Amino acid sequence: MSNVIVGIGMSVDGFIAGPNSSPQNALGDNGQQIHQWMYELESWRERQDRTGGEKNKDDEVVREAFDRVGAYIMGRRMFDEGEVSWPNPPPFQAPVFVLTHQRRDPWVREGGTTFTFVTDGIDSALEQATEAAGKQDVRIAGGAAVVQQFLEAGLIDELQIHIAPVLLGDGIRLFDNMNLEPNKLKIKRVISSPTVTHLSYYLQSED
């Protein structure tokens with residue numbers, strides 16, 4: 001059975017994107033700093049059909065994340081920002097389900113990535129993504145509003161946060177304006193390196 005995981009980068013002061021984000025300014029002002037640790041890893045470069053790259057424990061974390069995921073869910077805002085900035089092939093190489101209010105035909109890209117646009121809510125997106133993922137996991141890729149909806153609905157099994165050693169000061173926070181019951185998370189693991197700290201938590205029992 002698929003687990004539903006959130007995998008997301010964050011600054012030390014809690015932002016997942018900087019201010020003024022738009023399709024022409026993906027991740028907002030200085031937001032790219034949150035993911036800078038990842039761009040020269042071998043596992044990331046492979047996703048753009050590039051050779052070489054660094055092999056270290058950060059690379060192992062990224063490779064594991066890609067290998068375990070069979071489908072992704074994201075919001076329309078994240079898609080709009082990525083549509084103009086992702087390389088071809090996009091890094092997902094798996095079905096991606098985009099939550100939106102606007103109907104659109106599926107968008108097929110190289111490398112096995114097909115974007116399917118879901119207009120009838122998170123339950124429908126999760127059902128479709130779970131079926132597409134098979135025995136692999138479903139990853140909620142972002143943005144903040146989509147992650148918040150899944151958290152509030154109690155649909156997340158695991159929360160993975162990659163904290164970059166940067167302070168943005170302003171932007172989009174992951175946990176703002178949420179209606180959550182108090183919940184003590186269970187730590188799965190903590191992996192640190194000079195460029196990022198990887199935190200993983202269970203939100204539900206492993207049964």
Side-chain angles (χ1 to χ4, degrees), residues 1-10 16-17 26-27 35 38 43-44 46-48 61-83 85-162 172 174-175 178 180 183 185 188 198-207:
M1 180 178 177
S2 298
N3 285 321
V4 181
I5 61 177
V6 169
I8 203 158
M10 182 184 292
I16 64 168
L27 295 173
H35 304 283
M38 186 171 58
S43 53
W44 178 257
E46 286 176 354
R47 292 277 160 156
Q48 284 99 60
V61 168
V62 172
R63 189 176 301 280
E64 177 192 74
F66 280 131
D67 288 347
R68 68 182 286 191
V69 173
Y72 295 82
I73 296 173
M74 68 177 60
R76 180 59 186 261
R77 179 171 177 171
M78 180 178 178
F79 172 79
D80 286 345
E81 291 187 8
E83 186 177 14
S85 61
W86 285 320
N88 190 27
F92 307 103
Q93 298 183 18
V96 180
F97 296 87
V98 181
L99 286 158
T100 179
H101 297 295
Q102 299 177 338
R103 295 187 180 277
R104 176 173 170 174
D105 292 335
W107 188 41
V108 180
R109 307 293 285 161
E110 295 179 10
T113 300
T114 296
F115 295 90
T116 299
F117 300 88
V118 181
T119 59
D120 49 350
I122 63 172
D123 291 326
S124 175
L126 182 56
E127 181 180 353
Q128 294 179 61
T130 300
E131 182 177 356
K135 294 182 179 180
Q136 292 180 282
D137 292 331
V138 174
R139 177 169 173 171
I140 312 302
V146 171
V147 174
Q148 289 167 4
Q149 288 180 64
F150 277 89
L151 284 171
E152 289 178 334
L155 296 174
I156 302 299
D157 299 300
E158 185 178 334
L159 179 61
Q160 300 174 356
I161 302 176
H162 310 285
I172 299 173
L174 181 59
F175 298 115
M178 296 187 65
L180 283 178
N183 187 10
L185 307 181
K188 178 183 178 182
H198 310 280
L199 306 177
S200 295
Y201 303 94
Y202 291 121
L203 277 82
Q204 300 175 356
S205 71
E206 297 179 62
D207 298 333

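Note that this is a predicted model, so its numbers are computed, not measured.
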Step by step, would you call L155 with I122 a side chain to side chain contact (heavy atoms under 4.5 Å, CB included)?
CA-CA 10 Å; L155 296 174; I122 63 172; 4.0 Å; yes
To the nearest 0.5 Å, how far apart are CG in L99 and OG1 in T119?
9.5 Å
For residues F79 and F115, establish whether the separation of their ring centroids is below 6.0 Å.
yes
Side-chain donor or acceptor of Q48 paired with backbone N/O of P90 under 3.5 Å
no
CG-CG distance between L203 and L151, expressed to the nearest 0.5 angstrom:
6.5 Å
Could you state the interatomic distance from CZ (F150) to CG (L159), rounded to the nearest 0.5 Å?
14.0 Å
Check the angle between the aromatic planes of Y72 and F92 and answer parallel, tilted or perpendicular using the 30° and 60° thresholds.
perpendicular
Residue pair V6, Q160: steps toward the side chain to side chain contact (heavy atoms under 4.5 Å, CB included) verdict
CA-CA 6 Å; V6 169; Q160 300 174 356; over 6 Å; no
Please determine whether side chain to side chain contact (heavy atoms under 4.5 Å, CB included) holds for the pair R104 and R76, giving the CA-CA distance in whole Å, both sets of side-chain angles, and the decisive distance to 0.1 Å.
CA-CA 11 Å; R104 176 173 170 174; R76 180 59 186 261; 4.1 Å; yes
Measuring from I16:CD1 to H162:NE2, what's the distance to the nearest 0.5 Å?
12.5 Å
Please determine whether side chain to side chain contact (heavy atoms under 4.5 Å, CB included) holds for the pair T114 and V96, giving the CA-CA distance in whole Å, both sets of side-chain angles, and the decisive distance to 0.1 Å.
CA-CA 6 Å; T114 296; V96 180; over 6 Å; no
What's the spacing between D80 CG and M74 CE if we round to 0.5 Å?
10.5 Å
Charged N to carboxylate O below 4.0 Å: is that the case for E158 and R139?
no
Please round to the nearest 0.5 Å and tell me the distance separating atom CZ of R63 and atom CZ of R47.
9.0 Å
Check K135 against S2 and note the closest heavy-atom contact, atom names and distance.
C-OG, 4.4 Å
Is there a donor-acceptor pair closer than 3.5 Å between any side-chain N or O of D157 and the backbone N or O of I5?
no
